Amino acid sequence: MEATALKLRYRSIDQFAEHCRQLKSGRMFIPTEMPLPAKTRLLLTLILPDAPRRITLEMEVLEAVDRKSGAALKKPCGMLLGPTGELEA
């Protein structure tokens, strides 16, 4: 199965650090109004502010919460991601 390419451009290093803390637990939440379906495989490229280096992760959507579901569950809409492979820098 081919992975979907997704780029995540950080506005601040603090935003990136928060996702790193989340990844330590094996998961990462990305808020979005248009989440991809669960089990979608991703090549997620993290783009840091003022840094030429990019980090690419193999991820999978573990859970997707759209706007309607989020309102009903009182949860933010977005995607919960988990790693499927190794870090590529």
Side-chain angles (χ1 to χ4, degrees):
M1 177 187 289
E2 194 169 315
T4 300
L6 183 66
K7 292 180 183 176
L8 182 57
R9 188 178 308 275
Y10 290 98
R11 293 184 194 146
S12 70
I13 201 68
D14 292 335
Q15 195 180 35
F16 171 72
E18 174 57 31
H19 276 160
C20 287
R21 283 189 286 278
Q22 290 179 29
L23 278 171
K24 282 185 177 182
S25 72
R27 296 174 174 211
M28 175 177 162
F29 182 77
I30 297 180
T32 178
E33 294 284 321
M34 297 170 37
L36 296 168
K39 299 188 180 181
T40 300
R41 293 180 62 99
L42 298 172
L43 275 179
L44 180 66
T45 301
L46 309 178
I47 303 169
L48 288 76
D50 302 322
R53 192 169 187 190
R54 296 174 178 209
I55 301 167
T56 301
L57 304 169
E58 293 179 30
M59 306 292 278
E60 181 177 4
V61 178
L62 303 175
E63 181 182 351
V65 179
D66 61 22
R67 192 181 320 184
K68 185 178 177 182
S69 298
L73 298 170
K74 296 184 180 178
K75 292 174 73 172
C77 46
M79 301 181 290
L80 182 63
L81 307 178
T84 61
E86 294 298 315
L87 175 71
E88 231 182 77

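Please read all numbers here as calculations on a predicted model, not as lab measurements.
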Query - Minimal non-hydrogen separation, H19 against Y10, with atom names - result: ND1-OH, 2.8 Å
Query raised in the report: Which heavy atom of P49 sits nearest a heavy atom of S12, and at what distance?
Result: CG-C, 3.7 Å
Query raised in the report: Checking side chain to side chain contact (heavy atoms under 4.5 Å, CB included) for the pair D50/I13: CA distance, chi angles, key distance, verdict?
Result: CA-CA 9 Å; D50 302 322; I13 201 68; over 6 Å; no
Query - Atom of M79, atom of P35 and distance for their closest heavy-atom approach - result: CG-CB, 3.4 Å
Report task. Please name the pair of heavy atoms, one in C77 and one in R67, separated by the smallest distance, quoted to 0.1 Å. Result -> CB-N, 3.9 Å
**Report entry** Side-chain donor or acceptor of S69 paired with backbone N/O of D66 under 3.5 Å
**Finding:** no
Report task. State plainly whether one hydrophobic cluster holds both L80 and L6, where clusters connect Ile, Leu, Val, Met, Phe, Trp and Tyr through side-chain heavy atoms under 4.5 angstrom apart. Result -> no
**Report entry** Shortest non-hydrogen separation from L36 to V61 and the atoms involved
**Finding:** O-CG1, 3.7 Å
Query - From CA spacing to verdict: side chain to side chain contact (heavy atoms under 4.5 Å, CB included), Q22, R27 - result: CA-CA 6 Å; Q22 290 179 29; R27 296 174 174 211; over 6 Å; no
Report summary line: Rounded to the nearest 0.5 Å, the CD atom of E58 sits from the CG atom of L44 at a distance of 11.0 Å
Query raised in the report: Do L43 and L62 belong together in a cluster built from hydrophobic side chains that touch within less than 4.5 Å?
Result: no
Query raised in the report: Is it true that M28 and V65 fall in one hydrophobic cluster, defined by side-chain heavy atoms closer than 4.5 Å?
Result: no
Query raised in the report: Got a second to check how far L42's CG is from I30's CD1, nearest 0.5 Å?
Result: 7.5 Å
Requested in this report: Find the distance between CD (Q15) and CG (L8) and round it off to the nearest 0.5 Å.
Outcome: 7.0 Å
Report task. Calculate, to the nearest 0.5 Å, the distance between atoms CG and CD belonging to L81 and E60 respectively. Result -> 9.5 Å
